[in-house]
Every structure is written in C-alpha cells, then in structure tokens.
Amino acid sequence: MITAGLVEALTGIVGARHVRTAPAERLTYARDGLPTHRRVPAVVVLPGSRDELAAVVRLLAAHDVPFVPRGAGTGLSGGALADGAAVLLVLTRLNRILSLDPSNRVAVVEPGVVNARLSAAAAPHGLHYAPDPSSQTACTIGGNVAENAGGPHCLKYGVTAQHVLALEVVLADGRVVELGSPSGEPWGPDMVGLFVGSEGNFGIATRIAVRLLPQPRAVRTLLAAFASLRAAGEAVSAVIASGIVPAALEMMDQSCIRAVEDSVYAAGYPRDAAAVLLVELDGHSDDAVVAETETVHGLLSAHGAASIRVAADARERERLWQGRKKAFGAMGRLSRDLVVQDAVVPRSALPEVLEAIGRIAATYQLTVSNVFHAGDGNLHPNISFDARVPGLRTRVDAASTEIMEACVAAGGTITGEHGVGLDKLRYMPLIFDAESLAAMRAVRRVWDPEERVNPGKVVPVHACREWSGLRIADRGLRIEQQARSPAQSAIDNPQSAIAPRGAR
Amino acid sequence: MSLLDRVRALLGDDAVEIASGPDAVPRVAPASPDAVALLLGTARQEGWRVRLEGAGTWLPADAPADLALTTRRLDRIPAVEPQDLSATAEAGIGCDLLRQQLADHGTWLALDPPGLAGRTLGSVVATATAGPLRHGFGPVRDHVLGVTFVTGDGRLVQSGGRVVKNVAGYDLTKLEAGGFGAFGVIVLVHLRLRALPRADQTLVLEGTREDLTQVAEDVAAAGLQPAALELMSPALARRDGWALAVRLAGSAALVAAEEAGLRGASGGRFTALRAEEAHGFWMRAAESFATRPITFRTGGLPDSSDELLDLLQHQVGDEWVSASPGVGAIRWAGDTTVDRLRRLRRTLAGLEVPLTLERAPWPIRSAVGHFGAYREGVGPLVAGLRRTFDPGEAFVVAVEGSD
Ligand SMILES: Cc1cc2nc3c(=O)[nH]c(=O)nc-3n(C[C@H](O)[C@H](O)[C@H](O)COP(=O)(O)OP(=O)(O)OC[C@H]3O[C@@H](n4cnc5c(N)ncnc54)[C@H](O)[C@@H]3O)c2cc1C
Ligand SMILES: Cc1cc2nc3c(=O)[nH]c(=O)nc-3n(C[C@H](O)[C@H](O)[C@H](O)COP(=O)(O)OP(=O)(O)OC[C@H]3O[C@@H](n4cnc5c(N)ncnc54)[C@H](O)[C@@H]3O)c2cc1C
C-alpha cells in the first residue's frame, strides 16, 4: 500500500523535488508514445543515482508496492505506464556516460542516456552506437534494452540485443546482479540475452555496457519510386535474395509520402508514387560500395522502379533520412490520433500482406499509412483517426486485430521492435500456446517472484497454463492440443480478446 | 516393467537402440518432438536420469544416467526459404547435411563450429560453439530466430519465431542457445540464413605469434571487416609456425576490395589458398578440436588477447589454440587436470574473463562444470531457471562444478 509514510520515506531518499504526487505532475506520465493507453501513476519518483534507485526499490519491496521503470516514455506499446497502485520510477536523471573505451570499442552508460547522445559521444573516435530507432533523439538506452529496440540500420548491424555486452540490474527485492562480461561472453547461460527485451519485467538495468562500431567510410543512399506496393515489395525480396546486405532498406507508401511532403520534413519524395524504397549501402571500401550500389540499382530497375535517385552528397542523404525518421510525427498531421502498429512478416510475404492491409483499411474506411523496415519485414501500418468520433475507436481496434491476424497467418509475429507492453497482450495467444506463455511467466517469476516490476505487461496471465506439479494425466490431451494451431487455441480460450479466423 | 519395456510401450520398438552405448546406458531415439515430450514426462514421473546426445561426436557420451536420449532421428528440414533467408530444421540434423540442403537453395548458415562435420545442429546451438566466422557474423545466438524445446518434465515450449525480427515475449531462445541442455532439449530450430557468398577467399600468413598479433591489429585498424580473422597455433594450422588466417566472403566486389585492403594493411604478405585448400584448412582445424580430450573457450576484450594467450601458454600450454583477436574469443584444446582448470578459471575470473568448459570426460566435466565463477547474484538466478525447466533434475548436465 502506498501511504503518506512511504512517500515521506521516498522523499528522504531522493529529495522532495524528485517525488511527484500532485495530480497535474502525475498526469504528465499517464501515456507513453502510444496515445491509446492511459494510466495515472500513484507517485512518480526520479532517483538521481544507482544507489538512490536501489534504496527506493528496497523500500518498495519492504512495503510490497509494485513499480514501473520508465525512460523517456517514447515506447509504443504502453509499457512504461503505472496505475494508481504503483510507483513510477523515472530514470532520466541517471544519464551519465560512465566510460568510453575506443580501443576495445566499448561504452558503459547509465540507463537514462539518450540514444543519439551516445553516438555523438563516440563520433570523435570514429565510432557509433549502431541501433538507431527513429526516436533516437529522445529515447534512452535503458528503454532500448528493455524493448530490444531496432532501427533502420539494424538490418545490417543487428538489433539492441546484438550490441549489449553486460548489464548491472537491480532486482525487484533491491539486490544488485551483474550479468555478462566486458567482452560479452557470458559467465554461464546468456542472462544478458534473456534480459534484453524483457520490458522491465525482470528488473531495472542500471548500468549498460554496449559495443560500438566503426563509422562506415563509404555510404550511398538511393530512393526508388514504384507504381505499386506489390512491385516495391518484390524489389525488397530481390535485394535480400541477392546476397547484398544493405545497411538499411525502408519503405514508405503514398499516404506516408504525402504526409511527409506536406510537413516541414519534406524530403522531395515523389508524391505520385505508390511507394518509395530508401536503400542505403555502406562499408569500408568505396569501390565495393559503389559496385554494390550498381547491383542494387539494377535490381530495383528490373523490378519496376519508375525512378531512382542517388543522393549526391551528405546533405541530400540527410534530407532523405529526415523525412523517414520524422514520418511518424508527420503522420500526426493527418488527423488527431494515430495508432502506430508493429508486426513482422517473412520478407517474401510483403506484397500479399501489404495488399491485405489495404483491403482491411478499405473495409473499415480508415486511413492506414505504411512506413517500415522492409528489409526485415518489420511493418508499421499506422492508422490515423479522430478518437472523438463516436464508434471510430472500435473500428480502429477491429482493423488492428485483423492486420495482426493477417501478419500471423503469413507466418509472422505481432511485434518486431515496439514490444508487447499493454497494447499487444491480447495478441500473444495468437502466436504462443498456453504452455509457452506459462514458461515465460515462470521465467519472469525467477527474477521477480511477486511479479512486482511492471505488473500486468507482456504475458497475458489468464491465458497461461499452470506451471507446477505433474500433469502426466492430461498429457494425451495436451499433445492433441499441440497438433492444433496456436490461433485455434486462442479461439478455445474463452478469455482471449481475440477470435481469430485464419489459422496459420 | 523394465525401463526399456516402458520406453518401448511408450514410443514403439524402433525408438530403442539395442546396441546400447559403451557404458551400457540404453539409448532412446524419439522420432518426433511429441515423443521427446512423452519420454521426458515419463522420466519425470519415474525419476529417471537422462543424458542428452546429438550424434555423440562432440561431448563424450559418458555421463552416468538411466538412459540416453539422442536427437538423431529428429533429422528433418521442414522448410528452407531462400526468399526470406530463413530455414527450419529439427535439432538432430547433421550440420553437413543441413549445409548441403541450404547450398542447394543458394543459402548459407554462417556458422563454422568446431568438431566433426556431422555434429548435430542442436548440439551446436545448445553449446553455443561458434567458430572463426564469429568474427564477421556473430555468436551462435545471432543465427537462431527461435527454438522449440522440451523441458525436463516433458513440456513443449516454443520461443521466438521464424521471422528475422521479433520481440514478442521474453527471449527464451537466448537461454537455450548455450544452455548446454540444462534448460531443455532443443527439438526444432528456426535459423537466420545468408545468401551463399558469391566470392569466398581465404588467405594465410605464417609467422611468430607476436608478429601475427601485430598484423591482426593492423587489419582491424584499417577498418577491414573480414568474415574470419583467426590466429592459430602451428599444430592446429598444420604449419611450421603460427598462422593468421583471414576469410573474406560476400559479393565479388566486396571480397576484391577487402583483399586489396588486406594487402595494403599487411604489406602484401598473405598467401591466398585455392578453394579446396581453404575448405580443407578450415575443416581440419575444426575437426582437430574434437580429437583432444578437453576443449574450453574464453572471452576477453580484444586488446587482451595477447595477454590471455600468454596466460594459457603458461598454465595449460598452447599447442592447440585458436583465437579471434577481433572479438576477444579464444578456444583451447588439449589435456589437463581438474586442478589446473579450476585455477585457470579463477585467474581468468580475476581478469573478468569467463571460461566455458565446452567438452571433457565426465569426471573432469562434473568437477569443473561447464560454467563457474558466476558474478554477484547470478547463481540463484541460474538455479531458479534450472528448477523451472527441469524440476525433477532429470537432465544429467554438469552445469556447475563440484568445488
Ligand atoms: C516517433 C517514434 C519513433 C520510434 N521509432 C522506433 C524505431 O525505429 N525502433 C524501435 O525499436 N522503437 C521505436 N520507437 C519506440 C520507442 O522509442 C522505443 O521502444 C524505445 O526503446 C523506448 O525507449 P524509452 O526510453 O522511451 O523507454 P520507455 O517508453 O520509457 O519505456 C519502455 C519500456 O522499457 C522499460 N524500461 C525503461 N527503462 C528501463 C530500464 N532501465 N530497465 C528496465 N526497464 C526499463 C519500461 O518499463 C517500459 O516497459 C519509436 C517511438 C516513437 C515515439
Ligand atoms: C499524434 C500527433 C499529432 C500531431 N499533430 C500535428 C499537427 O497537427 N500539426 C503539425 O504540424 N504537426 C503535428 N505533429 C507532428 C509533431 O508535432 C512534430 O513532428 C514533432 O513535435 C517533432 O518532434 P520529434 O520528436 O520528431 O523531434 P525530435 O527532434 O526527436 O525531438 C524534439 C525535442 O523533443 C524532445 N522529445 C521528443 N520526444 C520526447 C519524449 N517522449 N520525452 C521527452 N522528450 C522528448 C527531444 O529530446 C528533442 O529535444 C503531430 C505528431 C503526433 C505524434
């Protein structure tokens, strides 16, 4: 229970300025980057050091109070929200870069360090931090670790998990554990790998050692315009299958192109194109990059690119990227509210799935704009709407669900980088059976037996099986269920919010 | 009913291999993931102790157990998707067979694990044994998109998926990759593939360790990004001196540019191998590791590789050593004692360098443990995870040592 005495004790640890209880102050933290979920935390605490944080966590443990870590709050799955029974721990004051070792290409940072600031600090050494979410000017490394964040250049360089070497974590009971080693080699099982992407459910990352990469010496950026989504999707498959691994391979559809061109981020994208691909090639040798660029140019032409523009210089490249990175913001202009979706499909399924999304948008009479990491098959179909219009929210939810089902039916998954949080809980039974969900929950309880850190996120508890005792008796039944598709199991689960139609 | 009769009744006659292992432990080869689950569910009920085997070419099949579970009949490749650069394979498929099938589809799994070519995929994933290609393509876990595994009490659990980017749920795949089978039997693996490189060139330079270490540093400083950059002891490389082997793989343009860069960085001293020479060179080095009784790996910072090689030479010898200085990984093979291994692990732990015992005869394995010298607070977490995935302690795995 959160009592006046507890608030006083919190104040004793972090100082009165850093404990926020006034309703207006707490309201500031009621949402993350996704406007559709809202929860007002009971208390907001901003610790100023790792020791303050650990003391706060121990105090909360002693009072049996749940808590939620929060970085910059740019998350897009409702992950950093705390309700009236929980304390929100905002980590933005833990923002020091603790060390930067250019010869071993390793940096150690506190969780509140903003992503772009780390790359800026590494730049004088000819290095950068590769994962580059489009929110990188605001989001924190701690939030990136919790979500296993991606970004356009993760196609070639890998997502956050591939760049985290070691972690210091404060567990739910206040104990501090050290995971991984300075080189990234684990001491035992890969606990760092397990922690990354756990969305705050396993504890709070308080120190993060990451790998830095050399900045590429040669870069080429192309913008190719297509007359249909299908053609653009096929061009993506062709590039991937060619064996050339572009640094980035992004797609924007016409709705997104026009939103960007109407905004201050206008990048000169062709407004009449059905889709554009933004392809970047980079490497150590200019000769090789030029040769690969020619090959990719040829593939794009062969797959129907109506026009291909190669950025002439760094300024033009910046401008092409600016439009892409600010596309979400630009889409905000289309209407009052925006649902940013996130799903992944096998790359060869892109043409079909994009067409299916178009059909779903038409059925529900909604504006869906696509801007996404095409090279990874990581879609972001975004729905623009005005939540004040009666009934519209229901239509948006129904369309979102159908889009998720279409992606799962194509062999994909419900989130590629934004995480499950609150928003995707209802879709988890689409891809995991009850046993697998129960296994996840059991693992969470190894880290946090009382499920006090970021409660109610990631695993839909009602859909889990019981994970204790012997169940030999129902084994026959279980195997029979196994033979059915996960989507089918979701239908059988009366509490599931989803009644999917298509099986995988 | 005897154990074997029970197993026959559960899984059918052909699941039991009459010719049991050298230590007379009966060997059971389930033919499907469900059969594995059935067997382990029964093992939990009966209190049977089970050891896991792939093809049995890597870890010696010598752990004391009531039965040996081999994955060798789980050898199907349900899907190869060249368009998506992904594949799904059962855990018992031999790496060599898998490689052939992938190549037929123009695809490639960029892993070159130590051991014999017929090692099962599951054993490579479970022991996370990457080879020299780790330099360019990352550790084993980076190639695994998802797995299905069976827990010690017979539950089938899926994690990850078959798409290349996925953050749905906790990443249990990371626990299975390198878990040495302590957290489940991997039955199915979804893999990230690459297109078969259009060009694949290996170049070797012979010299003293000191000299080659400097060359490796120069190569890294020049910004080159080879697929492999491996420093090998003379015995391993089958040369008179130490060898620095560089592998370049990718488009023809990329390989040509890297080769030119390499020549520049090294003063043109490397010798290019012909394709079949290169194949034999890497294969023999990989196989050599399986011919010594003990193998371990260590992971330090790149700039500590030389110091770590000195330390190994001093404490356990350096006849069979292979190092990836660019990523700080070293693999050692040879023969040594429990005491020396323990002492070495302690010394390395003081330098913040983990030592993972990859293979050794059971008496050494069980005394030293695959893992050890955990950092603050990690032991209880590992123990908790083991209880979760193997509540009856059915799996005979030397996770931690006995000291
Ligand atoms: C315009 C825009 C573009 C975006 N583009 C991308 C993109 O390209 N790729 C991408 O992956 N994401 C993207 N995102 C989503 C978001 O920025 C990322 O998920 C980011 O990693 C969140 O970081 P944050 O600091 O804002 O975390 P928050 O939103 O504050 O928190 C996210 C989750 O992390 C947990 N958490 C935070 N800090 C810690 C910690 N130290 N220890 C443990 N748990 C912690 C929280 O509890 C919560 O569950 C975008 C968002 C926006 C608004
Ligand atoms: C739902 C929605 C509706 C919109 N409506 C309109 C409209 O009607 N008209 C119009 O012209 N534009 C609109 N926009 C566009 C939007 O206002 C601008 O594009 C946006 O403000 C630019 O910010 P950025 O995050 O892209 O810039 P950045 O350069 O990334 O950020 C700017 C500054 O804000 C900080 N910052 C950003 N996010 C956070 C965060 N979560 N926490 C802390 N600090 C943060 C950054 O650190 C930086 O200092 C809308 C956008 C959205 C998402």
Side-chain angles (χ1 to χ4, degrees), chain A residues 103-104 147-148 150 159 162 175 177-178 181-183 185-191 193-194 197-198 214 217 237 240-244 284-285 287-288 291-292 344-348 376-378 411-417 419-420 428 431-432 435-436 439-440 442-443 446 458 472 475 479 482, chain B residues 34 38 41 44-45 81-86 138 141-142 155-159 161-172 174-175 177-179 195 197-198 223-225 251 253-254 257-258 261 299-303 328-329 352-354 371 373-378 381-382 384-385 388:
Chain A
S103 71
N104 286 304
E147 300 288 10
N148 191 10
V159 293
Q162 278 156 266
R175 269 183 304 144
V177 300
E178 285 178 42
S181 73
S183 69
E185 177 75 16
W187 292 97
D190 182 7
M191 304 299 269
L194 186 59
S198 60
R217 298 181 189 184
S237 285
I240 294 300
S242 77
I244 292 175
H284 155 72
S285 134
D287 290 350
E292 292 192 346
V344 189
V345 298
R347 292 167 278 205
S348 60
D376 291 321
N378 187 178
T413 190
I414 57 167
T415 170
E417 57 181 23
V420 176
M428 285 289 272
I431 49 169
F432 292 115
E435 195 88 274
S436 304
M440 287 184 199
V443 167
V446 170
V458 185
I472 299 299
R475 178 160 311 283
I479 285 174
Q482 215 79 53
Chain B
D34 282 343
L38 204 55
R44 161 76 160 129
Q45 202 176 37
E81 308 286 354
Q83 294 284 311
D84 298 321
L85 292 180
S86 68
R141 63 174 202 182
D142 291 0
R155 301 164 198 257
L156 259 171
V157 177
Q158 330 143 239
S159 80
R162 63 186 180 92
V163 284
V164 296
K165 218 169 155 193
N166 193 348
V167 294
Y170 311 131
D171 196 354
L172 306 186
K174 297 291 195 299
L175 194 59
R198 303 292 197 268
L224 296 174
Q225 284 158 350
S251 66
L254 181 73
E258 293 269 310
L301 286 169
D303 72 3
E352 292 200 76
V353 174
F371 307 137
Y374 289 150
R375 279 304 183 252
E376 183 71 23
V378 172
L381 289 176
V382 175
L385 291 167
T388 300

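Chain A is the first sequence line, chain B the second, and so forth, proteins listed ahead of strands; every chain is numbered from 1.
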Would you find a donor on one side and an acceptor on the other, under 3.5 Å apart, between the side chain of [X] and the backbone of [Y]?
| X | Y | value |
| --- | --- | --- |
| D190(A) | L175(B) | no |
| S436(A) | F432(A) | no |
| R375(B) | E178(A) | no |

Chain B contact via [X] - side chain, backbone, both or neither, heavy atoms under 4.5 Å:
| X | answer |
| --- | --- |
| M191(A) | side chain |
| S103(A) | side chain |
| N148(A) | both |
| V344(A) | both |

Give the member of [options] that has the highest number of heavy-atom pairs under 4.5 Å with chain A.
| options | value |
| --- | --- |
| G178(B), G300(B), G161(B) | G300(B) |
| G223(B), A253(B), S86(B), A177(B) | G223(B) |
| G299(B), A195(B), G138(B), P354(B) | P354(B) |
| E258(B), K165(B), K174(B) | K165(B) |

field: Heavy-atom pair count under 4.5 Å with chain B, highest-scoring of P186(A), P189(A), A288(A)
entry: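 Of the options given, most contacts go to P189(A).
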message: Tell me the closest heavy-atom pair linking V345(A) and V163(B), and the distance in Å.
response: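 Minimum heavy-atom separation between V345(A) and V163(B): C-CG1, 3.6 Å.
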- prompt: Could you walk me through whether V382(B) and Y374(B) pass the side-chain contact (heavy atoms from CB on, under 4.5 Å) check?
  reply: CA-CA 10 Å; V382(B) 175; Y374(B) 289 150; 3.7 Å; yes
task: Could you tell me whether the side chain of Y170(B) reaches within less than 4.5 Å of the side chain of V458(A), counting heavy atoms only?
output: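 A side-chain contact exists here, since the closest heavy-atom pair is under 4.5 Å.
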